[in-house]
Amino acid sequence: MNIRIDENWAITSDEYNVILQQRFVNKKEDSKNFGEEYWTNSGFYRTLEDALNGYLTKKIRQSNATTLQEIAQEIKETRKLFAQIARGE
């Protein structure tokens with residue numbers, strides 16, 4: 001499985017786990033790999049549903065929301081994104 005959620009997040013799997021991955025770009029100017037994109041494992045889950053909930057939790061924790069209404073809107077938008085991905089859009 002290799003599902004791109006958005007520009008910076010993807011879900012992959014191995015025979016034991018569903019893996020939530022986050023994209024980064026190497027910003028160390030003195031590195032030979034400066035500017036290169038890489039993916040890191042952000043969480044290991046038993047099911048796809050658990051991984052999607054993990055993504056939603058991480059999005060909320062990284063949010064700049066200041067009210068419950070803003071968090072509710074982000075949750076709504078994320079669930080809409082999940083539905084679009086499921087429909088192949």
Side-chain angles (χ1 to χ4, degrees):
M1 172 184 350
N2 190 358
I3 302 168
R4 189 77 171 256
I5 299 173
D6 63 24
E7 182 179 296
N8 294 310
W9 292 92
I11 293 177
T12 62
S13 64
D14 61 22
E15 65 181 290
Y16 302 108
N17 301 291
V18 179
I19 306 162
L20 183 60
Q21 294 187 322
Q22 186 174 8
R23 181 184 75 89
F24 291 95
V25 175
N26 185 342
K27 295 182 180 180
K28 295 181 181 178
E29 292 185 16
D30 60 340
S31 170
K32 69 177 183 174
N33 299 324
F34 174 72
E36 287 188 20
E37 174 183 290
Y38 62 98
W39 292 82
T40 61
N41 295 334
S42 181
F44 295 85
Y45 302 90
R46 292 182 326 140
T47 67
L48 178 58
E49 182 178 359
D50 290 343
L52 291 171
N53 284 327
Y55 169 77
L56 180 58
T57 298
K58 289 176 188 297
K59 285 275 286 189
I60 291 169
R61 289 182 179 159
Q62 294 174 355
S63 170
N64 293 323
T66 58
T67 67
L68 289 176
Q69 289 84 2
E70 290 174 348
I71 290 291
Q73 183 62 33
E74 288 192 31
I75 292 169
K76 183 178 178 181
E77 289 171 5
T78 300
R79 291 194 174 158
K80 183 178 176 183
L81 172 66
F82 292 164
Q84 289 171 338
I85 291 168
R87 290 190 303 266
E89 295 178 11

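In this chain, residues are counted from 1 in sequence order. What you are looking at is a predicted structure, and each value in this text was computed from that prediction instead of being measured. Side-chain atoms are counted along with the backbone in the values below, which use heavy atoms only and exclude waters and symmetry mates.
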Stepwise side-chain contact (heavy atoms from CB on, under 4.5 Å) check, V18 with D50: CA-CA 8 Å; V18 179; D50 290 343; over 6 Å; no
Roughly how far, to the nearest 0.5 Å, is the [atom2] atom of [Y] from the [atom1] atom of [X]?
X   : Y   : atom1 : atom2 : result
E49 : T47 : CD    : OG1   : 5.5 Å
T78 : I5  : OG1   : CD1   : 9.5 Å
E36 : K28 : CD    : NZ    : 13.5 Å

Ignoring hydrogens, what is the shortest heavy-atom contact between F24 and T40? Give both atom names and the distance. CE1-OG1, 3.1 Å
Using 30° and 60° as the class boundaries, would you call the ring planes of Y55 and W9 parallel, tilted or perpendicular? perpendicular
Same cluster or not: [X] versus [Y], using hydrophobic residues (I, L, V, M, F, W, Y) connected whenever any side-chain heavy atoms lie under 4.5 Å apart?
X   : Y   : result
F44 : I3  : no
Y38 : L20 : no
I85 : L48 : yes

Polar contact flag, side-chain donor to acceptor under 3.5 angstrom, E74-S63: yes
Indicate whether any N or O donor in one side chain lies under 3.5 Å from an N or O acceptor in the other, for E77 and Q73. yes
Contact between R79 and L56 at the side-chain level, heavy atoms closer than 4.5 Å - yes or no? yes
Is it true that R23 and E37 have a side-chain N and a carboxylate O under 4.0 angstrom from each other? yes
